Amino acid sequence: MTRSLEENKQLSQLLFPKVEKTVEDYEKIYPKRQLNESAKVTRFAPSPTGFVHIGGLFSALISERIAHQSEGIFYLRIEDTDKKREIDHGIEGIVDSLKNFGINIDEGYISESDEIGAYKPYKQSERMEIYHTFIKSLIEQDKAYPCFSTTEELEQLRKNQEDSNITPGYYGEFAIYRNKSFVEIKEKLDANIPFVIRLKSTGSPDRKISYKDIIKGNMEFPENIQDIVICKSDSLPTYHFAHAIDDHVMGTTHVIRGDEWLPSVPVHLQLFYTLGWKAPKYGHIPPILKQDGNSKRKLSKRKDPEAAVSFYHQEGYPTESVLEYLLNLANSSFEDWRKVNSEKSWNEFPFKAEKIGVSGALFDLVKLTDVSKNAISRMSAQDVYHKLLDWSKKYDQEYYSILFANKENSLKMINIERENKKPRRDISKWSEVKEYFSYMYDELYKINDVLDFPENVTNEDIKIILNGYVNIYNHNDTKEEWFNRIKDFSNSIGFATDMKDYKANPDNYKGSITDTTTVIRVAITGRKQGPDIYEIMNILGTKKVTLRLNVSKN
RNA sequence: GCCCCCAUAGUCUAGAGGCCCAGGACGCUGCCCUUUCACGGCGAAGACACGGGUUCGAAUCCCGUUGGGGGUACCA
């Protein structure tokens with residue numbers, strides 16, 4: 001029944017006549033990396049099947065940290081073995097997303113069609129010859145074989161197995177093509193019957209396999225007993241096989257991936273073992289979840305706009321905000337570190353892979369907002385201005401022109417209370433700034449029909465305040481002079497300046513200095529809240545201030 | 001069905017048998033400071049899923065239950 005060594009050799013030749021190189025050739029073409037003992041090699045290996053998912057960015061970030069913190073290599077490999085789901089410009093999207101977030105790769109694709117690095121090609125569809133060479137060798141060694149079962153037959157098999165309550169799948173006695181004779185196989189091949197290549201499993205159902213996951217710790221699984229497909233009928237490798245080949249050949253030391261891969265570990269370990277290689281270390285990260293009714297679920301590409309990293313770009317969250325939020329999700333000690341290292345870059349944080357939580361976290365936009373406010377408050381006005389320009393150039397042309405034309409004033413505005421020991425924390429994303437500072441620009445500022453003055457001040461008093469203030473306003477006042485002037489003025493019209501006294505005897509006054517300034521603020525900015533009103537008036541200038549005061553009176 | 005993973009407040013988490021009648025951050029909230037907001041200061045409410053063990057002692061170890069997530073493809 002079984003085939004002789006010679007027959008297997010013939011079979012491999014029959015199957016892969018065009019493969020000329022040998023396994024040894026490839027070990028020479030792609031030699032082992034010359035790196036320090038401690039240097040780690042990681043990769044981000046997405047499929048170009050859609051936009052980059054926030055979970056993808058999460059694993060890319062973790063992989064990048066692990067590599068670069070150990071002075072190792074981080075590379076980008078495109079896993080395009082599923083031609084059915086591939087999209088146009090998929091690679092470009094991936095490359096751009098990483099670039100945008102400042103996650104630097106050492107090897108792999110740097111644009112839709114250009115790649116760098118000594119282990120190219122970094123796209124699986126271009127590595128066919130490599131995979132076939134290794135498959136050919138496995139067949140020669142009787143470790144793999146062609147299987148001619150049709151999808152229908154396999155479905156039927158599964159159904160029968162389920163009905164008789166035995167483990168479903170293609171294994172053991174059900175692996176009918178495992179030991180077919182050379183003659184039988186040749187007949188099928190000559191008849192052009194489509195086939196896949198399967199790996200002959202060496203696993204046993206009553207043996208366990210254990211390994212230590214970098215993130216999840218000690219794991220134990222039953223061995224894989226299935227004769228898994230390693231080469232599909234379109235002659236492309238399956239993910240499992242390409243993973244083993246590429247990560248060995250490219251010298252990956254640590255594989256970081258989503259924990260949906262956890263159940264495949266026995267398969268992968270078996271693959272490495274069968275190929276005679278040392279398996280990389282694995283780290284399985286939990287998914288990023290979203291609350292959906294009563295349950296949590298993975299952020300969905302189809303249902304959740306916030307699943308796409310492009311969403312954060314559009315909204316104008318600075319990349320470091322998103323990265324820091326993600327970093328905090330991975331290592332919760334990040335925020336403590338950030339508190340005492342406010343001027344450092346996120347990539348100086350001593351990241352620890354083994355500290356990553358094991359269970360999935362809900363993505364919390366509110367927390368992201370907080371992280372982002374902090375991140376932006378740490379930036380210089382120049383920095384904020386330029387980031388704002390970059391963002392608006394892409395997403396808000398009108399605002400871009402305004403910012404561009406009003407550089408000086410914009411910078412001053414952004415800088416209000418920015419250089420305090422504790423800077424303002426009012427901006428969390430670029431898309432909200434236009435509205436937030438709209439009163440700064442004549443093009444954007446519109447006096448509301450109904451100004452929202454404080455309720456406790458009568459219309460009559462509002463007029464008194466506005467009329468009086470127009471007369472005493474002096475653009476050349478220092479802040480102190482200005483404040484003294486407001487105080488005197490408030491006193492003169494019956495508004496308290498001593499807050500303690502006001503609180504003790506509110507009935508003695510029409511209101512307090514808070515009300516006076518708020519009325520002025522509303523008249524000038526249309527808002528009850530905002531940065532230091534003295535600074536704002538200073539930037540606006542006498543002309544605009546008096547104009548707005550006069551307009552608001554009516 | 002079978003296999004695997006997970007389980008501390010609304011959210012993210014610290015916690016690796018006594019330091020914990022559980023600490024931090026976000027959020028929520030009270031007060032103080034204050035020309036508003038922000039900042040800052042001082043507070044408040046809020047959690048070890050449940051049930052059994054083991055132990056002098058358990059959030060921490062074991063077993064079970066429940067709940068959640070994942071896998072079970074010629075998808076990754």
Side-chain angles (χ1 to χ4, degrees), chain A residues 45-47 49 79-82 84-85 147 149-151 154-155 158 162 165-170 194-198 213 216-217 219-222 226 228-240 242-243 257-266 284 286-287 289 291 294-298 325 328-336 338-339 355 357-371 373 377 416-417 420-427 454 479 482-483 486-487 490 497 499 512-518 520-522 525 527-534:
Chain A
S47 303
T49 52
E79 309 223 321
D80 59 341
T81 53
D82 183 2
K84 279 165 249 149
R85 294 195 304 152
C147 163
S149 292
T150 63
T151 314
L154 292 172
E155 253 166 46
R158 167 166 305 267
E162 276 165 7
N165 235 326
I166 46 178
T167 310
Y170 199 85
F195 62 92
V196 299
I197 309 280
R198 290 181 185 269
D213 193 277
K216 306 249 179 194
M219 292 285 148
E220 193 179 70
F221 297 93
Q226 306 276 344
I228 59 147
V229 173
I230 57 177
C231 185
K232 303 185 262 187
S233 55
D234 60 4
S235 85
L236 253 41
T238 55
Y239 168 82
H240 305 297
H243 153 56
R257 47 155 50 161
D259 65 9
E260 69 272 18
W261 289 109
L262 217 40
S264 305
V265 169
H284 291 91
L289 309 172
Q291 188 71 244
N294 286 327
S295 66
K296 299 172 182 179
R297 47 152 244 255
K298 232 164 129 173
Y325 173 70
N328 198 219
L329 226 45
N331 275 190
S332 64
S333 57
F334 176 79
E335 58 188 1
D336 293 329
R338 173 47 87 204
K339 222 182 275 177
K355 283 291 193 181
V358 289
S359 50
L362 247 33
F363 193 90
D364 187 356
L365 254 145
V366 178
K367 178 81 180 183
L368 170 66
T369 298
D370 180 67
V371 170
K373 279 183 174 176
S377 76
I416 295 178
E417 290 163 289
N420 298 172
K421 49 275 142 219
K422 287 283 179 184
R424 294 189 66 80
R425 284 182 350 113
D426 40 13
I427 303 170
K479 182 158 184 183
W482 170 80
F483 189 45
I486 292 277
K487 270 189 185 165
S490 297
T497 52
M499 292 305 284
S512 77
I513 188 163
T514 303
D515 300 313
T516 324
T517 48
T518 303
I520 295 167
R521 174 187 294 277
V522 171
T525 68
R527 315 277 166 79
K528 278 183 186 163
Q529 306 167 350
D532 191 328
I533 187 67
Y534 166 79

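As the structure is a computational prediction, the values presented were derived from the model and not from experiment. By convention in this document, chain letters (A, B, ...) are assigned in the order of the sequence lines, proteins followed by strands, and residues within each chain are numbered from 1. Values below: all heavy atoms of this structure, side chains included; hydrogens, waters and symmetry mates excluded.
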>> Which nucleotide, if any, forms a Watson-Crick or G-U wobble pair with B:rC2, using both distances under 3.5 Å?
In response: B:rG71
> Taking atom P in both B:rU8 and B:rA14, what distance in whole Å separates the two?
Replying inline: 10 Å
> Which comes earlier along RNA chain B counting from the 5' end, the contact point of A:L329 or that of A:M219, where each point is its nearest nucleotide?
Replying inline: A:M219
> Between NZ of A:K84 and CG of A:D82, what distance do you get to the nearest 0.5 Å?
Replying inline: 5.5 Å
>> Measuring from the side chain of A:T514 (C-beta onward, heavy atoms only), which nucleotide among B:rG71, B:rU35, B:rC5 has the closest atom?
In response: B:rU35
>> When you compare the side chain of A:T514 with that of A:M499, does any pair of heavy atoms fall below 4.5 Å?
In response: yes
> How long is the line joining CG of A:D515 and C1' of B:rU36, in whole Å?
Replying inline: 11 Å
>> Among B:rA76, B:rA7, B:rC4, which nucleotide has an atom closest to any side-chain atom of A:F221?
In response: B:rC4
> Closest to the A:P263 side chain: B:rG70, B:rU35, B:rG1?
Replying inline: B:rG70
> Between B:rG27 atom P and A:L368 atom CG, what is the distance in whole Å?
Replying inline: 12 Å
> Can you check the A:D364 CG to B:rG27 P distance for me, whole Å?
Replying inline: 10 Å
> So what does A:S333 hit on the nucleic acid, given a heavy-atom distance under 4.0 Å: a base, only sugar-phosphate, or nothing?
Replying inline: nothing
> Taking the C1' atom of each, how far is B:rG1 from B:rA9, in whole Å?
Replying inline: 37 Å
>> I want to check one thing: is the phosphate of B:rC39, taken as OP1 and OP2, less than 4.0 Å away from some side-chain N or O of A:R425?
In response: yes
> Which part of the nucleic acid, if any, lies within reach of A:D532 when heavy atoms closer than 4.0 Å are counted: base, sugar-phosphate only, or nothing?
Replying inline: base
> Nearest to the side chain of A:A361 - B:rC26, B:rC74, B:rC12?
Replying inline: B:rC12
> Quick one: A:D426 CG to B:rA38 P, roughly how many Å, whole number?
Replying inline: 10 Å
>> Does the plane of the ring in A:W261 sit parallel, tilted or perpendicular to the ring in A:H240? Use 30° and 60° as the thresholds.
In response: perpendicular
> Which whole number of Å gives the distance between the P atom of B:rA49 and that of B:rU55?
Replying inline: 23 Å
>> By the 4.0 Å heavy-atom rule, please label A:E335 as base, sugar-phosphate, or nothing.
In response: base
>> In this structure, how many angstroms lie between the P atom of B:rA14 and the NZ atom of A:K339, rounded?
In response: 16 Å
>> Let's see if you can work this out: which of B:rA76, B:rA25, B:rA14 has an atom nearest to the side-chain heavy atoms of A:E260?
In response: B:rA76
>> Taking any heavy-atom pair under 4.0 Å as a contact, classify A:K298: base, sugar-phosphate, or nothing.
In response: nothing
> What integer number of Å spans the C1' atoms of B:rG23 and B:rC48?
Replying inline: 13 Å
>> Given the structure, check if the side chain of A:S233 and the base of B:rC74 hold any donor-acceptor pair shorter than 3.5 Å.
In response: yes
> So what does A:K487 hit on the nucleic acid, given a heavy-atom distance under 4.0 Å: a base, only sugar-phosphate, or nothing?
Replying inline: nothing
>> Only pairs with both distances under 3.5 Å count, Watson-Crick or wobble alike; so what is the partner of B:rA47 in this structure?
In response: none
> Can you tell me the Watson-Crick or wobble partner of B:rC19, both distances under 3.5 angstrom?
Replying inline: none
>> Taking only the P atom of each, what is the distance from B:rG24 to B:rC63 in whole angstrom?
In response: 33 Å
> Heavy atoms under 4.0 Å, any strand shown: does A:K355 hit a base, just sugar-phosphate, or nothing?
Replying inline: sugar-phosphate
> Are any non-hydrogen side-chain atoms of A:K487 and A:I513 less than 4.5 angstrom apart?
Replying inline: yes
>> Categorize A:S149 for me: base, sugar-phosphate, or nothing, with a 4.0 angstrom heavy-atom threshold over every strand shown.
In response: base
> Is any side-chain nitrogen or oxygen of A:K296 closer than 4.0 Å to OP1 or OP2 of B:rG70?
Replying inline: no
>> To the closest 0.5 Å, what do you measure between SG (A:C147) and CD1 (A:I230)?
In response: 12.0 Å
> Over how many whole Å does the gap from A:N165 atom CG to B:rC3 atom C1' extend?
Replying inline: 14 Å
> Out of B:rU35, B:rC5, B:rA38, which has the shortest distance to the side chain of A:R424?
Replying inline: B:rA38
> Within this structure, what is the CD-to-P distance between A:Q226 and B:rC3, rounded to whole angstrom?
Replying inline: 14 Å
>> Minimum heavy-atom separation for A:L368 and A:Y325, please, with both atom names.
In response: CD1-CB, 3.7 Å
>> Of the listed nucleotides (B:rG24, B:rC12, B:rC26), which one gets closest to any side-chain atom of A:D336?
In response: B:rG24
>> Does any part of the side chain of A:I228, heavy atoms only, come nearer than 4.5 Å to the side chain of A:R198, both counted from C-beta?
In response: no
> Which listed nucleotide (B:rA7, B:rU11, B:rA76) is nearest to the side chain of A:S264?
Replying inline: B:rA76
>> At 4.0 Å (heavy atoms only), tell me whether A:F483 reaches a base, stays on the sugar-phosphate, or touches nothing.
In response: base
> What distance, rounded to whole Å, do you find between the two P atoms, one in B:rC21 and one in B:rA16?
Replying inline: 14 Å
> Is A:V358 touching bases, backbone alone, or none of the nucleic acid, heavy atoms closer than 4.0 Å?
Replying inline: sugar-phosphate
> Picking from B:rU13, B:rA76, B:rG70, which would you name as closest to the side chain of A:S332?
Replying inline: B:rU13
> At under 4.0 Å, does any side-chain N or O of A:R158 touch on OP1 or OP2 of B:rA73?
Replying inline: yes
> Shortest non-hydrogen contact from A:T238 to A:V229?
Replying inline: OG1-O, 3.0 Å
>> Pairing check on B:rU66: which nucleotide meets the Watson-Crick or G-U wobble criteria with it, both distances under 3.5 Å?
In response: B:rA7
>> What verdict does the side chain to side chain contact (heavy atoms under 4.5 Å, CB included) test give for A:K216 and A:L262, after you've listed the backbone C-alpha separation in whole Å, the side-chain angles of each residue and the deciding distance to 0.1 Å?
In response: CA-CA 10 Å; A:K216 306 249 179 194; A:L262 217 40; 4.2 Å; yes
> Of A:G530 and A:K421, whose nearest nucleotide on RNA chain B comes first from the 5' end?
Replying inline: A:G530
>> Which nucleotide wins on minimum distance to the side chain of A:R198, given the candidates B:rC74, B:rU36, B:rG1?
In response: B:rC74
> Are any non-hydrogen side-chain atoms of A:V358 and A:D259 less than 4.5 angstrom apart?
Replying inline: no
> B:rA76 phosphate, OP1 or OP2: any side-chain N/O from A:T81 under 4.0 angstrom?
Replying inline: yes
> Rounded to whole angstrom units, what separation is found between the CG atom of A:D213 and the C1' atom of B:rG71?
Replying inline: 15 Å
> How far, in whole Å, is B:rA7 from B:rA59 if one measures between their C1' atoms?
Replying inline: 12 Å
> For A:D82, which contact category applies under a 4.0 Å heavy-atom criterion: base, sugar-phosphate, or nothing?
Replying inline: sugar-phosphate
> Taking the same atom, C1', in B:rG67 and in B:rC31, what whole-Å distance lies between them?
Replying inline: 41 Å
>> Measuring to OP1 and OP2 of B:rG41, would you say a side-chain N or O of A:K422 lies under 4.0 angstrom away?
In response: no
